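To start, the structure under review is shown below, and the notes come after it.
Fair warning: this is a prediction, and the values are worked out from it, not measured in the lab. Below, chains carry the letters A, B, ... as their sequence lines are ordered, and counting in each starts from 1.
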Amino acid sequence: MARPNEEVEALLREYADLIAITGGDAFKQRAYERAARAIGGHPEDISRLEPADLREIPGVGKSIADKVDEYLHTGHVSVIDERRATIPPGVRELMSIPTLGPKKAMSLYEDRGIASVDDLVAAIRRDELQGLKGFGPKTQENILHGVELARQAGGRILLDAASSLAEEAVGELAGAEGCERVAFAGSLRRMKETIGDIDILAAATDPDPVMDAFTALPLVAEVVMHGSKKTTVRTTAGFQLDLRVLPPDSWGAGLQYFTGSQAHNIRTREIALRKGLKLSEYGLFDAKTGKKRAARTEEDVYHRLGLPWIPPTLREDRGEVAAAQRDELPGLVTLEDIRGDLHTHTDLTDGLASLAQMVETAAARGYSYYAVTDHAPELRMQQMTEEKMLAQREEVRTLDGKHRKLRLLHGTELNIDPDGNVDWPGEFLAGFDLCVASIHSHFGLDRAAQTRRLIRACENPHVNVIGHPTTRKIGSRAGIDADLDEVFAACARTGTALEVNGHPNRLDLRDEHILLARRHGVKFAIDSDAHTTGELGHIRYGVGTAQRGWLTADEVINTWPLGRLRRFFRAPGRPGR
DNA sequence: GCCGTTTTCGGCCCGACTGTTTTCAGTCG
């Protein structure tokens with residue numbers, strides 16, 4: 001579904017880069033970058049929008065809407081093709097090397113004919129950059145180092161890995177001399193699905209001991225940049241951490257600034273400007289007198305801008321600032337709202353912990369209900385049988401009541417076959433408290449077939465939740481191609497919940513799909529899909545993703561009391577249990 | 001190229017660090 005949006009985003013980004021490389025208007029370049037981001041993050045499939053609707057997307061005006069329309073109809077944009085023809089594609093590739101931007105890339109091409117990363121490495125090795133302005137020995141060394149690092153991959157990491165790195169660093173820095181406060185900010189605080197680098201913010205009057213503690217962290221392999229306000233290090237795995245140290249009375253403004261996103265910050269700074277104020281990481285100041293108006297807490301900064309505090313997971317410039325101005329921010333679902341987990345596994349199938357161990361951990365998490373949903377027989381390697389399932393149900397009923405506040409639900413995770421059928425006949429399915437149904441095979445069916453398949457699963461009266469609906473795996477498998485609008489409409493019509501799977505390599509549905517689905521009035525289940533006791537904690541990434549999709553607790557069925565949840569599972573059109 | 005509670009023209013976020021062109025441009029976030 002997101003394909004056309006992603007294609008257009010990439011195209012507009014390329015055009016923005018080409019404008020920068022060829023020395024075009026910097027504001028025009030930024031306008032294209034902004035429109036690219038907005039289209040990439042737009043919840044609706046843009047190929048279905050009329051040009052007039054395209055212009056409703058922030059940052060998209062007549063000129064860009066026309067280009068997008070041209071692309072959607074012809075597969076090309078003539079002015080972009082023309083601009084492309086003037087610059088070899090490898091020149092843009094040069095900009096992927098850290099410290100090389102458009103100016104230096106163009107200078108390499110114009111003065112030395114360098115048009116690829118390989119050309120550049122060869123030129124440096126042959127010492128052919130002599131006399132080229134801006135390319136002294138240190139710069140050349142940095143370029144070679146940057147190319148080497150890029151070739152070793154590194155790249156973005158998943159939320160759980162980023163969280164543990166950040167928590168380790170924050171824990172260590174908290175003990176540094178003079179460190180009054182320390183926290184992570186950036187995309188990790190916004191719970192973005194992958195993290196490119198970790199931003200840590202500390203408050204101290206004297207920054208030096210904190211900086212020194214940072215560069216001395218055991219995880220540090222290399223100090224990239226070391227100043228008195230900002231330091232950057234790289235881990236042995238090639239991952240980057242930034243530390244900013246600010247005066248303690250700038251804490252709130254710093255946290256606001258370094259949490260981003262960049263697009264959100266631009267929005268808030270524009271509001272500041274209109275109010276005759278200037279916003280930086282040091283505080284909110286009167287533009288004329290320079291007098292400080294707010295800085296101590298994030299709440300102070302937002303309030304002084306005339307806004308309520310905006311949760312970090314919303315700060316993506318997807319309309320949250322306008323919603324805040326109208327005082328219409330959603331009351332987001334929180335981890336504390338979650339009363340139970342509806343998708344988990346045990347060692348009866350591919351989990352690693354016993355039912356008793358999983359239940360014990362669920363009870364310790366304070367849940368009021370907990371569903372075990374082991375795999376059904378069509379996932380052949382799990383060798384599931386009716387007998388095994390019924391034996392597990394006995395065990396569940398026995399364990400139920402061992403924990404005073406925790407009710408146990410016996411469920412299963414069914415497999416949706418290519419035709420949309422699931423394991424087991426209806427009479428057997430009727431014995432479960434709930435059924436999650438998921439796609440585990442035939443990922444390559446065409447769009448029509450996948451759409452039909454998912455809708456049929458929704459229409460099965462025994463199916464309560466569609467598990468990891470797109471089946472994507474971050475960084476390794478694209479989601480299936482289906483008409484998600486049709487699928488979401490079917491979920492709403494049949495009272496089937498969509499899962500927000502919290503496993504860090506799934507996060508499925510993802511934020512943008514959640515935004516789209518909730519327009520249809522769908523309900524959601526935030527699940528861990530845990531296969532170990534520790535993975536029950538993954539539900540927090542599901543909550544983060546749900547927040548990024550603007551979900552309120554009422555839209556999430558596993559925030560409801562058990563009675564309401566059971567009524568939802570038996571809603572009209574569904575068989576009695 | 002976009003946009004509007006100062007504006008349909010004239011703005012467009014702001015600061016840190018590095019390397020090098022010894023006073024600042026380029027890059028980054």
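- For Thr139(A), no side-chain nitrogen or oxygen approaches OP1 or OP2 of dG19(B) to under 4.0 Å.
- dT27(B) atom P lies 7 Å from atom CG of Leu100(A), rounded to whole Å.
- Residues of residues 304-315 of chain A that place a heavy atom closer than 4.0 Å to DNA chain B do not occur.
- Of the residues in residues 228-235 of chain A, those placing a heavy atom less than 4.0 Å from an atom of DNA chain B are Ser228(A), Lys229(A), Lys230(A), in numerical order.
- Listed by residue number, there are no residues of residues 88-96 of chain A with a heavy-atom contact under 4.0 Å to DNA chain B.
- Taking the side chain of Pro137(A) as heavy atoms from C-beta on, and the options dG15(B), dT20(B), dC3(B), the nearest nucleotide is dT20(B).
- dC28(B) sits 25 Å from dT23(B) when the P atoms are compared, rounded to a whole Å.
- Among the atoms of the strands shown, none is found under 4.0 Å from any heavy atom of Lys275(A).
- Arg190(A) and Thr259(A) form no side-chain donor-acceptor contact under 3.5 Å, judged by distance and modelled atom types alone.
- Between the side chains of His264(A) and Glu316(A), no donor-acceptor pair is found at a separation under 3.5 Å.
- Residues Tyr541(A) and Glu193(A) bring no donor and acceptor atom of their side chains to less than 3.5 Å of each other.
- A distance of about 16 Å separates the P atoms of dC13(B) and dC2(B), rounded to the whole Å.
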Could you list the donor-acceptor pairs under 3.5 angstrom formed by side chains in residues 322-334 of chain A, with sequence neighbours left out?
unit_1    : atom_1 : unit_2    : atom_2 : d
Arg326(A) : NE     : Glu328(A) : OE1    : 2.9
Arg326(A) : NH2    : Glu328(A) : OE1    : 3.4
Thr334(A) : OG1    : Glu336(A) : N      : 3.4
Thr334(A) : OG1    : Glu336(A) : OE1    : 3.4
Thr334(A) : OG1    : Asp337(A) : N      : 3.3
Thr334(A) : OG1    : Asp337(A) : OD2    : 3.2

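- Relative to the side chain of Tyr282(A), the nucleotides dG15(B), dC13(B), dG29(B) differ in distance, and dG15(B) lies closest.
- In this entry the distance linking CG of Asp317(A) with P of dC13(B) reads 12 Å, nearest Å.
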With a cut-off of 3.5 Å and sequence neighbours excluded, list every side-chain donor-acceptor pair involving residues 173-180 of chain A.
none

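- Residues passing the side-chain hydrogen bond (donor to acceptor under 3.5 Å, both in side chains) test with Arg540(A): none are found, sequence neighbours excluded.
- Contact annotation: Asn142(A) reaches the phosphate of dG19(B) (side-chain N/O to OP1 or OP2, under 4.0 Å).
- For Lys278(A) and Thr99(A), each mapped to the nucleotide of DNA chain B holding its nearest heavy atom, the one lying further toward the 5' end belongs to Lys278(A).
- Taking every heavy atom of residues 9-30 of chain A and every atom of DNA chain B, pairs under 4.0 Å involve Asp25(A), Phe27(A), Lys28(A), Arg30(A), by number.
- Look at CD1 on Ile143(A): it is 10 Å from P on dT27(B), rounded to the nearest Å.
- Going from atom CD of Glu141(A) over to atom P of dG19(B) covers 9 Å, rounded to whole Å.
- For Ile266(A), the side-chain atoms get nearest to dC13(B) when compared with the rest of dG29(B), dC13(B), dG15(B).
- Judged purely by atom type and a 3.5 angstrom limit, Arg315(A) uses its side chain to pair as donor or acceptor with the backbone of Ile310(A).
- Following rounding to the nearest Å, Asn265(A) (CG) and dG15(B) (P) show an atom-to-atom distance of 13 Å.
- With hydrogens and angles ignored, the 3.5 Å screen pairs no side-chain donor or acceptor of Arg293(A) with any backbone N or O of Leu277(A).
- Distances were taken from every side-chain heavy atom of Gln262(A) (C-beta onward) to each of dC17(B), dG29(B), dC3(B); the shortest belongs to dG29(B).
- Spacing of P atoms, dT27(B) relative to dT21(B), comes out at 15 Å, to the nearest Å.
- Side chains of His303(A) and Glu298(A): no donor on one and acceptor on the other come within 3.5 Å.
- Remark: the separation of the C1' atoms in dT6(B) and dG1(B) is 22 Å, to the nearest Å.
- Between Gln325(A) atom CD and dG4(B) atom C1' there is a gap of 13 Å when expressed in whole angstrom units.
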Enumerate, atom names and distances included, each donor-acceptor pair closer than 3.5 Å involving a side-chain atom of residues 92-110 of chain A, sequence neighbours excluded.
unit_1   : atom_1 : unit_2   : atom_2 : d
Arg92(A) : NE     : Asp17(A) : OD2    : 2.8
Arg92(A) : NH2    : Asp17(A) : OD2    : 3.2
Ser96(A) : OG     : Glu93(A) : O      : 2.6

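- Of the two residues contacting DNA chain B, namely Phe258(A) and Ile57(A), the nearest-nucleotide position lying further toward the 5' end is that of Ile57(A).
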Acceptor/donor pairs from residues 197-211 of chain A side chains to any protein atom, 3.5 angstrom cut, sequence neighbours excluded:
unit_1    : atom_1 : unit_2    : atom_2 : d
Asp206(A) : OD1    : Asp208(A) : N      : 3.2

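- Side-chain atoms of Ser163(A) and Asp160(A) form no donor-acceptor pair, as typed in the model, at a separation below 3.5 Å.
- Under the ring-ring contact (aromatic ring centres under 6.0 Å, His included) criterion, the residue pairs touching residues 3-33 of chain A are Tyr15(A)-Tyr32(A), with sequence neighbours excluded.
- Applying the side-chain hydrogen bond (donor to acceptor under 3.5 Å, both in side chains) criterion to Arg125(A), with sequence neighbours excluded, gives no partner residue.
- Base pairing of dG1(B) is made with dC12(B), judged by Watson-Crick or G-U wobble geometry with both donor-acceptor distances under 3.5 Å.
- Taking atom CG on Leu246(A) and atom C1' on dC14(B), their separation rounds to 13 Å, with Å as the unit.
- Checking dC13(B), dT21(B), dA16(B) against every side-chain atom of Lys133(A), the shortest atom distance belongs to dT21(B).
- No side-chain N or O of His503(A) forms a donor-acceptor pair with one of Asn501(A) less than 3.5 Å apart.
- When the C1' atom is compared between dG26(B) and dT20(B), the two are found 11 Å apart, to the nearest whole Å.
- Side-chain atoms of Thr232(A) and Asp242(A) include a donor-acceptor pair closer than 3.5 Å.
- A side-chain donor-acceptor contact under 3.5 Å links His73(A) to the backbone of Asp69(A).
- If you check every strand for non-hydrogen atoms under 4.0 Å, Gly134(A) touches a base.
- Taking atom CG on Leu243(A) and atom P on dA16(B), their separation rounds to 14 Å, with Å as the unit.
- A donor-acceptor pair under 3.5 Å is formed between the side chain of Gln140(A) and the backbone N or O of Phe135(A).
- Sorted by residue number, the members of residues 102-109 of chain A with any non-hydrogen atom under 4.0 Å from DNA chain B read Pro102(A), Lys103(A), Lys104(A).
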